[in-house]
Structures are given as C-alpha cells and as structure tokens.
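What follows is a set of notes on a single structure, which appears directly below.
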Amino acid sequence: MTTESALADGVREALSVDAEAFAERAAEEAEIVKQELHDGSFDNHQSIVGFEYEFYAVGDGRWSEESRAGEYALMRVPRRMLELMGFEKELGLHNAEMCTSPQPLSDHGLRAQLAEVRARLEAAENTAGVEGMRLVSDGLWTIPPAGETAREYLTDSVEVDGVVVAVNMSDAVRYHAMANTRREGSTDADPNAGDGNPAVRLDAPGVSLAAETVMPESLITSVQPHYQVARADTLPEHFRYALRIAGPLLALGANSPFFPPDLYDDDWDGERVLAEGATANRIHVFESVLNSRTDADKVRFPRDFRDVETAVDRIAADETLIPMPDPGGSDRFDDAFATFRTKHGSYWRWVRPVFEGSSRSAANARIEFRPIPGQPTVRDSIAFQGTFAGLMQALPQREHPVIGLDWETARDNFYAAVADGLDADMEWIGLDGERTTDIDALYDDLLDHAEAGLRTAGCADDEAAAWVAPLRWRVANRMTPASWKRDRVRDRLDDGDDFATAVQDTQREYIDRQSETLIEGGFSAWTDDD
C-alpha cells in the first residue's frame with residue numbers, strides 16, 4: 001500500500017467518526033477535567049516554563065543538487081532526518097519543530113531552556129548540513145523551492161481514491177482531513193461555503209490565494225512560550241493579563257512583513273506593500289486559512305474567562321472541525337479525557353489554556369502564548385520566554401491595574417501591532433492607574449515588571465535584566481526583525497532593484513546574518529556595522 005493510499009484511508013476513517021458522539025464524549029470528559037481541577041490534580045508547587053520552537057529548512061548550497069539549485073531556497077526535510085534530529089514534523093514537509101523539557105521558573109530553569117535549545121539546535125544543524133540544509137528561525141519564508149513558485153508549492157494536491165491529499169504536507173491525518181470536510185449550505189457559485197472540497201483562502205493585505213488544502217498555513221513559523229501556573233484556580237487572572245500584554249509583545253516580535261513575491265496581487269508593487277502591507281502577516285495567514293474551514297472563527301483573539309471551569313467548557317463547546325477517532329488507551333493520566341485533549345488540538349486561539357499531563361504528578365494547567373513569530377536568534381527567542389514568564393509572575397502578584405484595560409482595547413492593541421508593529425497606536429494602563437499611549441512609558445512599565453517577576457522567581461538583578469535586555473534594545477532603537485527587513489527592502493528598491501529581487505535578497509541577507517548569530521549571538525549585533 002502506498003503512503004498516499006494509507007493516508008487516504010486514515011482520512012476516510014477520521015471523516016467517518018460520528019461528530020455528535022465525539023462532541024458528547026468531549027462534554028463528558030470536560031466534567032472529569034473539572035473534577036480533577038477541584039481535587040487539585042493540576043496544581044504544582046511552583047510555576048514552570050516550556051517552549052515550542054518552529055523552523056523551516058533551506059538549501060545552503062552544499063552537497064546535494066537540490067541544495068545547490070537555488071540560494072537559500074526552501075527545501076523539504078526527509079522524515080528520517082527529523083527522527084535523527086529529535087525534532088517533530090509540522091504542517092509542511094519543509095517544517096521542523098522542537099519542544100523543550102519543562103523547567104521551574106528560575107534563573108537555572110531559564111538557563112536550562114536556553115542550553116537545551118542551543119544544544120539540540122546545534123546538533124540538528126550539523127545533521128541537516130550533511131544534506132546541504134540549514135534550519136531557519138523566521139516568521140514567514142519568501143523564497144520557494146528551486147524550480148517552483150510559492151503558489152505551485154502551496155497549492156499542489158492530488159486526489160487519491162476520492163480523498164484530496166496535499167503533495168507537500170506532512171502525513172498527519174488531521175491536516176489532510178481538513179481538506180476533505182464538507183459543510184452544509186454551499187453552492188457551486190460559492191465554493192468557499194463548502195461542498196465537495198471547498199477552497200481554502202489566504203487573505204492578507206496584498207495577497208489572496210485559493211487552495212484545496214490548508215497547506216498555505218505552512219508559510220509561517222513561530223515560537224511559543226508556555227507558562228504553567230502553580231495553582232490552577234489562578235489561571236483566569238493570569239489569562240486576562242496575558243491578553244493585555246499580547247499586543248505589546250507581538251509588536252516587539254513582528255517578523256513577517258513580506259510574502260513570497262509571486263503571491264502578491266497584480267496591483268500591489270513594492271511601494272504599495274511598504275505603504276500598506278502588515279508587519280505581522282503571520283497572524284493574517286493563520287486566521288484566514290484555518291477560519292475558512294470553520295463556521296465560527298476558531299483562530300481569534302480570545303475573550304476573558306472568570307473561572308477555570310469556564311475555560312474547560314469553552315474548549316469542550318468549541319466547534320468540532322475533525323472528530324478524530326478515539327486514539328485508544330495507554331498509561332497516561334490524561335487518557336481519562338483523551339477526546340477532550342484531541343478537541344483541544346484545534347482550539348486555535350492566540351492565547352489558550354491547556355490542561356494535560358502524562359501522569360497525575362505531571363498534570364498541569366498552563367497558558368500557551370502563540371502570537372510570536374520565529375525570531376532571528378535563539379537568545380532573542382528565549383528573551384520572549386523569560387519576559388512572558390516574568391510578566392505572568394509579577395503582574396498578578398502586584399495586582400497591576402492593566403488588568404482593568406477593556407478587553408476590546410486589548411484586542412485592538414493586538415491587531416494594531418499586526419498592522420504596524422512598534423509604530424502601532426496602543427493603549428496601556430500604568431502602575432499609577434493612568435491610561436497612556438506613550439510607547440516608551442508602556443514598555444518601561446511592561447519590561448520593568450518582567451524583570452521584577454524574574455527576580456521574585458529567584459533571578460539576581462543583573463540576571464533578570466539580561467533575560468529582558470534584547471527586548472529593551474528593540475524599544476530603544478525602534479527596531480524589530482520586521483522593520484529591519486522593511487528597511488533593507490526599501491534600500492534595495494531605492495538602488496533600482498525590482499520588488500521580487502529586493503525581497504528575496506533581503507531574505508538571503510537575513511539568513512546570512514542568522515548563520516553567524518543564531519545559536520550564540522543576538523539580533524542587536526545585526527545593526528552594529530550599519
């Protein structure tokens with residue numbers, strides 16, 4: 001049996017699951033989760049941090065013919081290589097993901113996170129290098145595989161025994177099943193309404209792409225800090241604070257101002273992209289591609305919740321996209337709510353609560369912070385982890401008044417950051433209770449509290465400052481990875497380059513700089529010789 005046939009069989013099995021029975025099981029298991037919360041099973045003796053780190057692979061010009069065919073062109077990663085690297089597969093064949101071991105929130109814990117990422121990434125780079133590959137930490141790739149356009153790569157699909165299979169997508173059943181769902185009420189005149197494999201649409205400023213599968217989502221990569229609360233009943237308060245800092249932290253991390261040039265609409269030239277394009281297009285990609293498969297917008301800025309039981313109920317009641325088969329039992333603690341866990345896998349919110357654990361002692365309630373794109377260096381990536389964790393520690397402890405910021409304002413801050421990065425108009429409530437739109441006042445307060453939270457977690461003053469320093473540099477210099485890319489494209493256009501050349505040569509410069517600084521250096525060094 002071919003891989004495609006086996007995949008098609010798996011998709012058919014997933015689509016045959018009774019959605020109503022699946023939803024009923026999830027609702028029943030939500031009650032188990034709430035009982036375990038009441039019994040204290042998800043409580044820990046201290047806060048714990050973790051990290052997810054996504055990459056894409058490009059050819060570095062060595063060894064293989066494919067690697068030499070295009071300078072830093074996107075490359076597919078052999079599955080055997082992912083296993084050798086100890087990485088996990090993600091949506092696209094060019095993707096790879098690393099998940100760190102959870103550590104206590106402390107200076108030792110953060111050092112362990114940093115050391116683990118560096119050690120595993122260095123080993124992975126050595127393994128990838130044998131195949132003429134390099135792993136790139138970035139927000140959105142812009143150079144397609146050699147000999148292909150980005151449009152071709154993202155939309156290539158075949159039909160296998162009546163099942164649509166994306167040619168360049170990993171062999172995870174749930175990803176392919178999304179391409180084969182049928183929604184009621186569609187017509188031939190409205191293919192996106194859903195009947196017989198409706199088109200997915202990627203919509204962003206200047207870009208509109210139709211595809212039969214969710215493969216366009218593989219344009220983007222991210223870093224995701226995790227924060228496990230010590231006591232599960234404090235999750236609602238921590239969550240409310242996480243929503244209020246989402247916009248400001250996204251503005252600092254913006255790193256996806258450009259798409260592959262062949263994806264832009266005909267009436268969008270370089271000047272218009274610079275004038276009207278977004279700085280954080282990753283948000284547009286994830287929202288438009290995945291929401292086009294749902295009746296409700298599953299990818300969105302979430303609302304506050306007042307108690308932890310409400311968070312559980314929201315996950316259980318969330319629209320079911322793919323009612324996956326029961327995975328079967330094992331010895332995991334959270335197999336008691338395996339369907340609930342499966343449903344949580346498509347609970348796509350920019351900030352989301354998670355309840356899981358392989359054992360009762362490892363059970364945890366945590367917040368996954370999902371807005372931040374991949375960053376230029378490991379040090380900058382871990383700076384976001386440390387800053388997020390420090391804020392989750394300090395803001396509730398100090399009862400910071402920003403929790404009183406209207407949810408609508410927090411949401412508006414978030415989407416203002418998507419559009420304009422550090423140039424966004426954002427509103428904040430300072431420690432004195434006064435509202436401000438002053439960007440320096442906002443970040444002084446935000447980053448001061450991040451450091452304070454790290455100090456209460458056991459970091460010395462200079463250590464706490466060092467974890468946050470890369471983000472302070474960005475504020476002081478009004479420089480993010482997105483603005484760095486925009487400045488380079490602006491200079492190349494002024495020098496007479498066409499838009500496609502300007503974008504792709506800027507991407508090559510980004511990867512060149514990263515090759516020197518990814519594991520040991522920092523983004524701030526990229527401007528030292530300017």
Legend entry - Donor-acceptor contact present, side-chain S208 to main-chain A204, <3.5 Å: no
Legend entry - Salt-bridge contact E122-R118 (side-chain N to carboxylate O under 4.0 Å): no
Inset, instruction - Please tell me if the side chains of L219 and L154 come closer than 4.5 Å, counting only heavy atoms from C-beta onward. - result: yes
Inset, instruction - Calculate, to the nearest 0.5 Å, the distance between atoms CG and NE2 belonging to L391 and H238 respectively. - result: 11.0 Å
Legend entry - Minimum side-chain heavy-atom gap T294-E319 below 4.5 Å: yes
Inset, instruction - Examine distances only and state if a side-chain atom of W268 and a backbone atom of G277 form a donor-acceptor pair shorter than 3.5 Å. - result: no
Legend entry - For E451, all residues meeting salt bridge (Lys or Arg N to Asp or Glu O under 4.0 Å), sequence neighbours excluded: R455, R472
Inset, instruction - Report the relative orientation of the aromatic rings in Y53 and F55; use parallel for angles under 30°, tilted for 30 to 60°, perpendicular for over 60°. - result: parallel
Legend entry - Check: E97 side chain, E54 main-chain N or O, donor-acceptor pair, under 3.5 Å: no
Legend entry - Donor + acceptor pair across side chains of Y227, Q393 (<3.5 Å): yes
Inset, instruction - Would you check if there is a donor-acceptor pair between the side chains of Y72 and D512 at a distance under 3.5 Å? - result: yes
Legend entry - Gap between atom CG of D420 and atom CE of M426 - 0.5 Å precision: 9.5 Å
Inset, instruction - Find the distance between OG (S222) and CG (L140) and round it off to the nearest 0.5 Å. - result: 12.0 Å
Legend entry - Close side-chain approach of I429 to E434, heavy-atom, < 4.5 Å: no
Legend entry - Pair D304 + R244, salt bridge at N-O below 4.0 Å: yes
Inset, instruction - Indicate yes or no: at least one non-hydrogen side-chain atom of I245 is less than 4.5 angstrom from one of L395. - result: yes
Legend entry - D438 side-chain N/O to A441 backbone N/O, donor-acceptor pair under 3.5 Å: yes
Legend entry - Backbone N/O of G374 and side chain of S137: donor-acceptor pair under 3.5 Å: no
Inset, instruction - Tell me, with the steps shown, if R478 and D440 meet salt bridge (Lys or Arg N to Asp or Glu O under 4.0 Å). - result: CA-CA 10 Å; R478 295 295 194 270; D440 290 305; 3.1 Å; yes
Inset, instruction - Report yes if some heavy atom in the side chain of F258 is under 4.5 Å from a heavy atom in the side chain of L263; otherwise report no. - result: no
Legend entry - Between Y56 and D138: side-chain donor-acceptor atoms closer than 3.5 Å: yes
Inset, instruction - Could you tell me whether R272 and D265 have a side-chain N and a carboxylate O separated by less than 4.0 Å? - result: no
Inset, instruction - Could you tell me whether the side chain of K298 and the main chain of S346 form a donor-acceptor pair under 3.5 Å? - result: yes
Legend entry - D491/R488 salt bridge by N-O under 4.0 Å criterion: no
Legend entry - Check: R486/T279 side-chain N/O donor and acceptor closer than 3.5 Å: no
Inset, instruction - Validate the cation-pi geometry between K485 and Y510: distance from NZ or CZ to the six-membered ring centre under 6.0 Å, angle to the ring axis within 45°. - result: yes
Legend entry - N/O donor-acceptor pair under 3.5 Å between N364 side chain and Q228 backbone: no
Inset, instruction - Compare every heavy atom of D497 with every heavy atom of L493, then report the nearest pair and how far apart it is. - result: CD2-O, 3.4 Å
Inset, instruction - Assess the side chains of D318 and H344: does a donor N or O sit below 3.5 Å from an acceptor N or O? - result: no
Inset, instruction - Verify whether one side chain among S157 and E212 offers a donor that lies under 3.5 Å from an acceptor in the other. - result: no
Inset, instruction - Flag the pair L422 / L252 as yes when at least one side-chain heavy-atom distance between them is below 4.5 Å, and no otherwise. - result: yes
Inset, instruction - To the nearest 0.5 angstrom, please state how far the CG atom of L235 sits from the CD1 atom of I367. - result: 5.0 Å
Could you pull out all donor-acceptor pairs under 3.5 Å where a side-chain atom in residues 409-416 meets a protein atom, sequence neighbours excluded?
| from | atom 1 | to | atom 2 | distance (Å) |
| --- | --- | --- | --- | --- |
| N413 | OD1 | E427 | N | 3.0 |
| N413 | ND2 | E427 | O | 2.8 |
| Y415 | OH | E287 | OE2 | 2.5 |

Legend entry - F523 ring center within less than 6.0 Å of W473 ring center: yes
Legend entry - Stepwise salt bridge (Lys or Arg N to Asp or Glu O under 4.0 Å) check, D495 with R492: CA-CA 5 Å; D495 288 341; R492 287 183 165 91; over 6 Å; no
Inset, instruction - Check the side chains of D107 and W467 for a donor-acceptor pair under 3.5 angstrom, ignoring hydrogens and angles. - result: yes
Inset, instruction - Name all pairs fulfilling the salt bridge (Lys or Arg N to Asp or Glu O under 4.0 Å) condition that reach into residues 368-396, sequence neighbours left out, sorted by first residue then second. - result: R352-E368, R366-E368, D380-R474
Legend entry - Expected output: side-chain D307 to main-chain T310 donor-acceptor under 3.5 Å: yes
Legend entry - Mutual orientation of the aromatic rings belonging to W348 and F286 [parallel < 30°, tilted 30-60°, perpendicular > 60°]: perpendicular
Inset, instruction - Check each of E148, H94, R76, E152 against N168 using the side chain to side chain donor-acceptor pair (under 3.5 Å) test, and report the only one that passes. - result: R76
Inset, instruction - Determine whether F369 and Q224 make a side-chain contact, defined as any pair of heavy atoms from C-beta on separated by less than 4.5 Å. - result: no
Legend entry - Main-chain N/O of F259 paired to T142 side chain as donor or acceptor, under 3.5 Å: no
Legend entry - Over all atoms of both residues, closest heavy-atom pair of Q514 and P376: NE2-O, 2.9 Å
Inset, instruction - Take R201 and S288, measure what side chain to side chain donor-acceptor pair (under 3.5 Å) needs, and give me the verdict at the end. - result: CA-CA 6 Å; R201 293 205 67 83; S288 63; over 6 Å; no
Legend entry - Full working for side-chain contact (heavy atoms from CB on, under 4.5 Å) between E276 and V273: CA-CA 5 Å; E276 302 178 36; V273 172; over 6 Å; no
Legend entry - Check: L454 and L110 side chains under 4.5 Å, non-hydrogen atoms: yes
Inset, instruction - Report the distance from atom CE of M169 to atom CG of L93, rounding to the nearest 0.5 Å. - result: 9.0 Å
Inset, instruction - Verify, without hydrogens or angle tests, whether N95 (side chain) and G92 (backbone) share a donor-acceptor contact under 3.5 angstrom. - result: yes
Legend entry - R435 to W428 six-membered ring, cation-pi geometry met (6.0 Å, 45°): no
Inset, instruction - In plain terms, say whether R306 and E237 are close enough for a salt bridge, that is, a side-chain N and a carboxylate O under 4.0 Å apart. - result: no
Inset, instruction - For salt bridge (Lys or Arg N to Asp or Glu O under 4.0 Å), just list the numbers for E116 and R111, CA-CA rounded to whole Å, side-chain angles, deciding distance to a tenth of an Å, and then say yes or no. - result: CA-CA 8 Å; E116 180 180 357; R111 286 178 185 171; over 6 Å; no
Inset, instruction - Kindly check if the number of other-residue, nucleotide or ligand heavy atoms within 6.0 Å of CD (E399) is above 12? - result: no
Inset, instruction - Answer with yes or no whether the side chains of S515 and R134 bring together a donor and an acceptor at under 3.5 Å. - result: no
Legend entry - Spacing of R513 atom CZ and T527 atom OG1 [to the nearest 0.5 Å]: 8.0 Å
